[in-house]
Amino acid sequence: MIKDMKFIVLSVSAFFPLFASAQTVTGLIAKVGGWIDSLIPIVVGLALLYFLWGVAKFILASANSGDREEGKKHMFWGIVALFVIFSVWGLVQFITASTGISGPSSLPPPSVGS
């Protein structure tokens with residue numbers, strides 16, 4: 001029980017600078033959204049590299065059927081990852097367009113005091 005409490009306290013205290021610099025909920029949301037926006041191209045690139053790794057493995061291991069099957073698996077899961085990423089992106093775009101929600105630029109700037 002004490003070990004769990006220490007973990008929770010350390011986990012929450014690790015995010016104190018984030019909370020202190022955000023100062024408002026909208027600032028916190030904007031900051032986390034900025035991080036996510038930075039990570040999306042990296043995740044898409046990794047999924048594309050995983051797919052291309054499968055293609056290379058499939059082509060280069062034409063004599064070995066085991067490596068060809070592994071290449072097919074890499075290609076399949078790379079395509080699945082890209083499909084999920086772009087599907088979620090399209091769904092978010094559809095929801096924001098249909099509800100009239102715009103991007104982070106519409107958030108009010110964080111304010112100190114009143």
Task: Full working for side-chain contact (heavy atoms from CB on, under 4.5 Å) between Asp67 and Phe58 - done: CA-CA 7 Å; Asp67 286 343; Phe58 182 78; over 6 Å; no
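- From Thr96, atom OG1 reaches atom CG of Leu91 across 9.5 Å, with rounding to the nearest 0.5 Å.
- Between Asp37 and Pro41 the shortest heavy-atom distance is O-CD, 3.2 Å.
- A single hydrophobic cluster is seen to contain both Ile59 and Leu48, as judged by linkage of ILVMFWY side chains at heavy-atom distances under 4.5 Å, directly or through other members.
- The closest side-chain heavy-atom distance from Val80 to Phe76 is below 4.5 Å.
- In this structure, Lys73 has no salt bridge (Lys or Arg N to Asp or Glu O under 4.0 Å) partners at least two apart in sequence or on a different chain.
- No single ILVMFWY cluster, assembled from side-chain heavy atoms under 4.5 Å apart, contains both Ile85 and Tyr50.
- A single hydrophobic cluster is not seen to contain both Ile40 and Ile95; linkage of ILVMFWY side chains at heavy-atom distances under 4.5 Å, directly or through other members, places them apart.
- At a threshold of 4.5 Å between side-chain heavy atoms, the hydrophobic network of Ile, Leu, Val, Met, Phe, Trp and Tyr places Val55 and Leu82 in one connected group.
- Residue pairs that meet the side chain to side chain donor-acceptor pair (under 3.5 Å) test with at least one member in residues 76-94, sequence neighbours left out, do not exist here.
- Distance check, rounded to the nearest 0.5 Å: CG of Leu46 to CG of Leu39 gives 10.0 Å.
- Separation of atoms OG (Ser65) and CD (Glu70) is listed at 11.5 Å; rounding is to 0.5 Å.
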TODO: Verify ring-ring contact (aromatic ring centres under 6.0 Å, His included) between Phe51 and His74, making sure each step is shown before the conclusion.
DONE: CA-CA 6 Å; Phe51 170 76; His74 287 304; over 10 Å; no
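- Cluster membership check: Val44 shares its hydrophobic cluster with Ile79, using side-chain heavy-atom separations under 4.5 Å among Ile, Leu, Val, Met, Phe, Trp and Tyr.
- Between Leu52 atom CG and Lys57 atom NZ the span is 14.5 Å, to the nearest 0.5 Å.
- We find the CG-CZ distance between Leu60 and Arg68 to be 11.5 Å, quoted to the nearest 0.5 Å.
- Within the structure, the salt bridge (Lys or Arg N to Asp or Glu O under 4.0 Å) test picks out no pair touching residues 84-100 (sequence neighbours left out).
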